[in-house]
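Contents: one structure, followed by commentary.
Starting from 1, each residue takes its place in the sequence as its number.
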Amino acid sequence: MPAHEHADLPPAFDAEAVAALVGGTPAGVAVLDSGLRYLYVNAALERINGVPAAAHMGKTITEVLPEVDVQADVLRRVLADGRPREVTTSGRTWADSAPERRFWRVACHRLDGDGRARVLLAIALEISTTQNQEEELERSRSCLTLLDTAAVSIGTTLDVDTTCQEIADFVVPALADVAVVEIFPVDRRHSARQPVSGPLRLRRAGLAAIPELADAMDQFGGPGSDIEYQEDAAVPRCLAAGSPVIEDLSGDGQLSGPAPTPERVAAYRAVGLHSAVVVPLTTRGRPLGVLSLLRAGDSPPFTEGQDLVIARALAGRAAVDVDHARQYVREHGVARELQRSLLSEPRLPDQGIEIATRYLPAGQGALVGGDWFDAIRLGDGRHLEVIGDVAGHGVEAAVAMNHYRSMLRLVAEDGLSPHRILDRLDAAVERSGLDRAATCLLAVVDRKAGVCEVASAGHPPPVFIDPGPSGARVARLRAGPPLGTGFGGYRTTVVPCPAGTVLFLYTDGLVERRGEDIDVSVGRLTRLTLPASGRLDDLLDQAVDRFGDMAQDDIAILASRAREH
């Protein structure tokens with residue numbers, strides 16, 4: 001098992017994120033649970049202790065290192081009040097060969113997650129009388145503080161460009177005078193080790209600079225610009241090798257690579273750029289782009305020591321956030337297109353019926369859900385209307401919705417009563433292995449008889465809006481269990497629905513409010529009235545304006561009306 005993986009982690013602990021942050025640091029790093037048992041150790045601590053990472057997992061410090069003095073009371077106080085502390089510990093580890101005791105200085109930080117689980121991060125450095133190691137301790141402490149801050153400053157949204165700009169803003173001025181984040185276009189794929197032939201094009205997604213350089217950097221292309229790099233430039237070399245590249249830009253000869261024209265060399269020189277480091281943004285074995293850091297003026301040049309450690313750690317953390325954002329964008333786009341294609345306007349089942357529909361997602365930041373509606377002609381002046389809501393969101397919910405819709409069209413062909421159709425659909429779902437339940441409301445409208453047969457599988461009841469002053473009424477019917485549960489037991493209720501009466505079907509996103517009884521929520525729909533225009537589209541606009549402004553879920557509505565003979 002890799003040092004950063006463990007099968008039994010508390011819900012607040014993200015081992016992959018921690019490994020991206022501190023896996024490569026030369027200081028020994030451990031994450032402990034509230035019982036002071038190991039959840040994670042990095043490679044440096046594995047070497048210090050002389051014990052494989054897997055042998056740490058689930059054990060306390062004293063179980064792994066019985067000859068090391070552990071001030072457990074100090075660690076528990078950190079867990080209790082969240083105040084960081086430093087302790088000195090000593091002893092001998094399995095890696096020791098000399099009889100002398102060793103000494104370590106350990107900085108302990110509590111990492112809060114979702115309020116239910118707490119873990120302790122400890123960073124240990126061996127104490128020496130040399131000034132260099134004291135300086136290393138201070139640099140490691142500063143590094144840890146910076147990485148702690150990065151965890152809450154980067155990736156605050158699921159928007160790719162916002163995440164990239166957060167990365168650039170975070171490292172200026174703490175680590176660089178100028179920071180640039182460039183990523184591959186979403187539709188292009190690249191392997192981690194395959195050199196790019198010809199000019200490499202990336203999209204600049206984030207740019208930050210200290211105030212003195214902000215205006216000057218605009219001439220080199222801001223966020224949204226496409227940037228091309230020649231094969232021998234630092235960015236393609238960094239991506240081809242999958243490792244950071246440090247460049248000395250102090251001379252005009254060195255500037256000719258990143259600045260391929262004499263005019264660009266002069267512009268870089270005017271800005272005062274003299275040092276750069278390019279770090280790949282890589283996750284799951286593939287590059288997403290690069291983080292470029294530049295220093296100018298009196299700032300010291302980049303080195304392969306602590307500068308590179310911090311840059312790599314930040315790039316690893318940032319790559320995870322960019323990848324999450326890009327995954328969200330891809331899934332959101334696929335689900336939206338799938339749902340849009342499936343929620344096309346139902347064909348009129350009969351020339352004597354008019355239908356209007358609406359679908360409104362909960363918001364730009366929400367994944368699409370599994371809401372759907374349909375209308376199916378049954379013959380002899382009868383047709384079936386359906387509205388449903390598959391549990392969950394995203395591509396899986398949209399695909400499940402398509403399965404439900406397809407199976408319903410098959411079982412509805414025999415012209416059965418609504419409860420019989422639901423019984424068959426429930427059994428078909430169980431046989432299909434579809435693992436997502438769904439609520440569903442079926443209404444068989446007989447425009448000749450002026451009645452509507454209705455059956456519900458856990459779905460809110462329909463509303464009937466009569467012409468004239470009588471207004472809207474909510475149908476009283478018994479709702480059976482959602483589809484996919486296998487319980488069955490549905491019942492059909494016959495409701496008068498003469499010509500001119502509007503049948504109003506909806507999903508719970510229109511009415512449901514957190515902390516409110518659903519009967520109260522549905523009861524608000526009795527205030528619906530036909531607009532002066534009499535148009536169904538205007539009725540749906542009115543319903544959305546009056547009841548959809550506080551929606552926390554997707555909204556789907558289907559309204560229909562039989563015309564006068």
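- The SG atom of C238 sits 11.0 Å away from atom CD1 of I246, with the distance rounded to the nearest 0.5 Å.
- Note that the CD atom of E385 and the CD1 atom of I355 stand 5.0 Å from one another [nearest 0.5 Å].
- Under the 30°/60° scheme for interplanar angles, the aromatic rings of H459 and Y506 are found to be tilted.
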Go through D508 and T439 one step at a time and tell me if the side-chain contact (heavy atoms from CB on, under 4.5 Å) criterion holds.
CA-CA 10 Å; D508 57 10; T439 65; 6.0 Å; no
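- Rounded to the nearest 0.5 Å, atoms OH (Y229) and CG (L200) are 8.5 Å apart.
- Annotation: the span from R37 atom CZ to D33 atom CG amounts to 4.0 Å, rounded to 0.5 Å.
- Not a single donor-acceptor pair under 3.5 Å links the side chain of Q165 to the backbone N or O of T162.
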Salt bridge (Lys or Arg N to Asp or Glu O under 4.0 Å) between R203 and D161, worked out
CA-CA 10 Å; R203 186 174 68 85; D161 288 345; 2.7 Å; yes
For V180 and F220, what are the C-alpha separation, side-chain angles and deciding distance, and is it a side-chain contact (heavy atoms from CB on, under 4.5 Å)?
CA-CA 11 Å; V180 180; F220 304 123; over 6 Å; no
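- Side chains of D389 and T507: no donor on one and acceptor on the other come within 3.5 Å.
- Note that the CZ atom of R204 and the OG atom of S292 stand 8.0 Å from one another [nearest 0.5 Å].
- Y40 has its side chain out of reach of V119: every pair of non-hydrogen atoms, C-beta onward, lies at least 4.5 Å apart.
- You'll find the side chain of V181 reaches within 4.5 Å of the side chain of L291, heavy atoms only.
- Inter-residue side-chain proximity for I167 and V322 is flagged as met; some heavy-atom pair is nearer than 4.5 Å.
- The two residues A168 and G206 have their closest heavy-atom pair at CB-C, 4.1 Å.
- Shortest non-hydrogen contact noted between G289 and L239 is O-CD2, 3.7 Å.
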Worked verdict on I557 versus V544 for side-chain contact (heavy atoms from CB on, under 4.5 Å)
CA-CA 9 Å; I557 310 173; V544 171; 4.0 Å; yes
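- Minimum interatomic distance between L425 and M407 (heavy atoms only, all atoms of both residues): CD1-CB, 3.7 Å.
- Under a 3.5 Å cut-off, the side chain of R295 and the backbone N or O of P300 do form a donor-acceptor pair.
- With sequence neighbours left out, the side-chain contact (heavy atoms from CB on, under 4.5 Å) criterion links V172 to A179, A208, I210.
- Side-chain atoms of S275 come within 3.5 Å of backbone N or O of F302 as a donor-acceptor pair.
- M217 and V271 get closest at one heavy-atom pair: SD-CG1, 4.3 Å.
- In this structure, R286 pairs ionically with D323, as a charged nitrogen and a carboxylate oxygen lie closer than 4.0 Å.
- Minimum heavy-atom separation, P460 to L441: O-CD2, 3.9 Å.
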Could you go step by step and tell me if H403 and S432 meet the side-chain contact (heavy atoms from CB on, under 4.5 Å) rule?
CA-CA 9 Å; H403 288 319; S432 73; over 6 Å; no
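- Nearest heavy-atom pair across P287 and F184 is O-CD1, 3.7 Å.
- The number of heavy-atom neighbours closer than 6.0 Å to CG of D545, taken from other residues, nucleotides and ligands shown, is above 12.
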Run the side chain to side chain donor-acceptor pair (under 3.5 Å) test on D177 and S299 for me, step by step, so that the C-alpha distance in whole Å, both residues' side-chain angles and the decisive distance to 0.1 Å come before the verdict.
CA-CA 8 Å; D177 297 321; S299 298; 2.8 Å; yes
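- For the pair I555/F547, no side-chain contact is recorded, criterion being any heavy-atom separation below 4.5 Å from C-beta on.
- One finds the CZ atom of R436 at 15.0 Å from the CG atom of L483 (value rounded to the nearest 0.5 Å).
- Among V178, V278, V277, the one residue that satisfies the side-chain contact (heavy atoms from CB on, under 4.5 Å) test with L293 is V277.
- The side-chain heavy atoms of F373 and L505, taken from C-beta on, include no pair separated by under 4.5 Å.
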